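Contents: one structure, followed by commentary.
The structure presented is a predicted model; accordingly, all values stated were derived computationally and were not measured. Any value given below was found using the heavy atoms of this structure, including those in side chains, with hydrogens, waters and symmetry copies removed.
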Amino acid sequence: MEEASWYLGLARSSLQKMTSDRAIPHYKPNARLVYFLRTDLDNWMLQNRVAPEQEVEQQALKHVTSKRR
């Protein structure tokens with residue numbers, strides 16, 4: 001738990017609350033210790049990507065020009 005909280009930049013109490021709320025992927029094989037896979041943490045951190053303004057503008061232009069046809 002300590003390493004995962006450091007890796008994510010979260011307080012340990014915040015990470016404990018997230019695990020109890022099932023808001024973050026984790027493993028609890030013996031009902032006491034909590035384990036995390038780094039790949040799960042990476043994927044969790046990379047969800048909800050925010051596109052840069054230029055990308056949004058390009059997508060909007062593409063959408064508008066495709067609707068005209």
Side-chain angles (χ1 to χ4, degrees):
M1 182 78 71
E2 195 67 36
E3 290 177 19
S5 66
W6 176 84
Y7 184 70
L8 296 171
L10 297 171
R12 186 174 178 181
S13 60
S14 298
L15 188 57
Q16 286 175 326
K17 175 140 177 52
M18 293 172 79
T19 57
S20 67
D21 292 343
R22 296 181 178 210
I24 191 166
H26 64 283
Y27 301 87
K28 208 169 180 179
N30 60 1
R32 278 196 86 189
L33 297 176
V34 178
Y35 295 93
F36 299 92
L37 287 179
R38 186 177 296 221
T39 54
D40 288 345
L41 297 178
D42 288 339
N43 290 334
W44 179 80
M45 286 189 298
L46 294 174
Q47 68 186 3
N48 298 327
R49 179 179 179 267
V50 177
E53 188 175 330
Q54 183 181 11
E55 186 177 319
V56 172
E57 289 174 359
Q58 288 174 348
Q59 290 174 349
L61 181 61
K62 184 178 177 182
H63 179 72
V64 168
T65 56
S66 68
K67 291 291 181 178
R68 289 185 189 175
R69 296 179 191 174

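Its side chain within the 4.5 Å cluster rule, Leu8 clusters with Met1, Trp6, Tyr7, Leu10, Leu15, Met18, Ile24, Val34, Phe36, Leu41, Trp44, Met45 among the Ile, Leu, Val, Met, Phe, Trp and Tyr residues. With a 4.5 Å cut-off between side-chain heavy atoms of Ile, Leu, Val, Met, Phe, Trp and Tyr, the cluster of Leu46 takes in none.
Screening residues 31-46 for salt bridge (Lys or Arg N to Asp or Glu O under 4.0 Å), with sequence neighbours left out, gives no hits. Applying the salt bridge (Lys or Arg N to Asp or Glu O under 4.0 Å) definition to pairs two or more places apart or across chains, those involving residues 4-28 are Glu2-Arg12, Lys17-Asp21.
Legend: residues meeting side-chain hydrogen bond (donor to acceptor under 3.5 Å, both in side chains) with Arg49, ordered by chain and number and at least two apart, are Glu55. For Tyr35, the side-chain hydrogen bond (donor to acceptor under 3.5 Å, both in side chains) criterion is met by no residue, not counting sequence neighbours. Partners of Ala60 according to the side chain to side chain contact (heavy atoms under 4.5 Å, CB included) rule, which considers only residues two or more places apart in sequence or in another chain, do not exist here. Evaluation of the side chain to side chain contact (heavy atoms under 4.5 Å, CB included) rule for Asn48 yields no partner, not counting sequence neighbours.
Here the closest non-hydrogen pair linking Asn30 and Leu33 is OD1-N, 3.0 Å.
Proximity of Gln58 to Gln54: side-chain heavy atoms (C-beta onward) are separated by under 4.5 Å at one or more points.
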